[in-house]
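This report refers to the structure that appears directly beneath it.
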2 protein chains.
Amino acid sequence: MKERSIPKETIDRLPLYLRCLEKIIDEGDVNISSGNFSEKLNLNSAQVRKDLSYFGDFGTRGVGYKTETLAKQIRSILHLDKKWDMALAGAGNIGSALLTYNGFDEGDFEVKVAFDKDPDLVGKEINGVKIEAADSMEKVIRDENIKLGIITVPADAAQEVADQMVEAGVEGVLNFAPTLLNLPKEIQLAQVDITKELEQLVYYL
Amino acid sequence: MKERSIPKETIDRLPLYLRCLEKIIDEGDVNISSGNFSEKLNLNSAQVRKDLSYFGDFGTRGVGYKTETLAKQIRSILHLDKKWDMALAGAGNIGSALLTYNGFDEGDFEVKVAFDKDPDLVGKEINGVKIEAADSMEKVIRDENIKLGIITVPADAAQEVADQMVEAGVEGVLNFAPTLLNLPKEIQLAQVDITKELEQLVYYL
DNA sequence: CAGTGTGAAGATGTTCACAGCG
DNA sequence: CGCTGTGAACATCTTCACACTG
């Protein structure tokens, strides 16, 4: 059943390794050791080695990892060797902030089209992304063959929107609405829950 | 050292229990069982019971948990029985989206003041929150006795802003910048990392 | 007798410690 | 000699299973 029993946590850390590597590469370093990584990311160096070794023997004993090569490997593992088109539902506060957010412009992810049910928003453009009518969503997603959906609608609409996205062929959903979505298990779900983060945070204060 | 060795994961789930409870209360139910919770939240019922039992014996055998009472208990455990004022640094895309976001208006959290170093933004108001000059941040946070900071500045400025916040007396930081912040260990940190979420998500596709 | 609370077993993740290679 | 890769020990979290009680 499992791909190869790679801990979820390892996958969690890969993006951090990648980000760290990209910085290091910018600084011109050719090699990086697990100890080096572990300092920058506040984790155990054995963890770094184990994480990386799940995917192959990338390192050279006595030396470390070649930064360029490792970055390429991690990008490939994470499926970042292609550009991902996304559809965004809900062009309200957070939705339009994401449309304006240029962190995506680095190339891996791009919001191709946005949807809203507010007629005043439909037809407008934000940061070059057209806002279309909510009821055209399924068709557009299908026609454009979009596989990633972002949900930034109010909580009470989130499940319905998610269902429509899945129906239209979306395989992964990033949900900002504070609701637990019920999706077919083959659909991947990531949740960003700001209130939850705050509530956890203050527990520890 | 540990408070009482309550799993982080348990704390992670408390906000979900709470949200679920509030829905149930709205629907008029007086009791809820662990099995009931487990269906709604997709987790094991023993987990629910164990999580709740870390904090006391809240349930009644044969019946379940009293919704109102349990909600109150959880709010108290999470320290949500007071209002938390927050300071927000960086009134750009995400920052202003958070200012406009009315999920906070439920009462537990409120952005009291925002800061930006762009002179064009300073002096403006977004959703009733004044934007002040970045260099007044330390003083204002200290004067207003604010204990929670939100960082929505670009990644390369995040560490500096975080340091200033800590210097000014902030005890918890919610960071939206895609950087690993280095903070004194007594300062609580929560991270919202949208790109990381997406990168993880597509790994599984 | 339905549903809690909880030891004990099981599963998952992390760290240690060291053999082995460049 | 330095650093990787990895079995084994350890730590943490989840699930099972059942005694117990309102």
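Values below: every heavy atom of this structure, side chains too, minus hydrogens, waters and symmetry copies. Owing to the predicted nature of the structure, the values given are computational and were not obtained by experimental measurement.
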Atom [atom1] of [X] and atom [atom2] of [N]: how far apart are they, to the nearest Å?
X: B:Leu43; N: D:dC13; atom1: CG; atom2: P; answer: 16 Å
X: A:Leu14; N: C:dG13; atom1: CG; atom2: C1'; answer: 15 Å
X: B:Phe58; N: C:dG5; atom1: CZ; atom2: C1'; answer: 13 Å
X: B:Glu39; N: C:dG3; atom1: CD; atom2: P; answer: 11 Å
X: B:Tyr54; N: D:dT14; atom1: OH; atom2: C1'; answer: 9 Å
X: A:Asp51; N: C:dT12; atom1: CG; atom2: C1'; answer: 14 Å
X: B:Phe37; N: C:dG3; atom1: CZ; atom2: P; answer: 14 Å
X: A:Lys66; N: D:dC3; atom1: NZ; atom2: C1'; answer: 15 Å

Under 4.0 Å between a side-chain N or O of [X] and OP1 or OP2 of [N]?
X: A:Tyr65; N: D:dG5; answer: yes
X: B:Lys8; N: D:dC13; answer: yes
X: A:Lys50; N: C:dT15; answer: no
X: A:Thr60; N: D:dT4; answer: no

Select one nucleotide: of [options], the one nearest the side-chain heavy atoms of [X].
X: B:Asp57; options: C:dG5, D:dA17, C:dG20; value: C:dG5
X: B:Arg49; options: D:dC3, D:dT6, C:dT4; value: C:dT4
X: A:Asn44; options: C:dT15, D:dC16, C:dT4; value: C:dT15

With nearest nucleotides of DNA chain C determined for A:Val63 and B:Ile32 from heavy-atom distances, which residue corresponds to the more 5′ nucleotide?
-> B:Ile32

Closest-nucleotide ordering on DNA chain C, the 5'-leading residue of B:Gly62 and A:Gln47 | B:Gly62

Given B:Ile151, B:Leu88, B:Ile150, the one that forms side-chain contact (heavy atoms from CB on, under 4.5 Å) with B:Phe176 = B:Ile150

Identify whether any heavy atom of A:Ser45 sits under 4.0 Å from a base atom; if not, whether one sits that close to sugar-phosphate; answer base, sugar-phosphate or nothing.
-> nothing

dist A:Lys112:NZ -> A:Lys83:NZ (nearest 0.5 Å) comes out at 5.0 Å

Report yes if a donor N or O on one partner sits less than 3.5 Å from an acceptor N or O on the other, where the partners are the side chain of B:Arg61 and the base of C:dT4; otherwise report no.
-> yes

Is the B:Phe55 ring parallel, tilted or perpendicular to the A:Tyr203 ring (thresholds 30°, 60°)?
-> perpendicular

Does B:Ile24 reach the side chain of B:Glu22, with side-chain heavy atoms less than 4.5 Å apart?
-> no

Which atom pair, heavy atoms only, marks the closest approach of A:Ser38 to A:Gly35?
-> OG-O, 2.8 Å

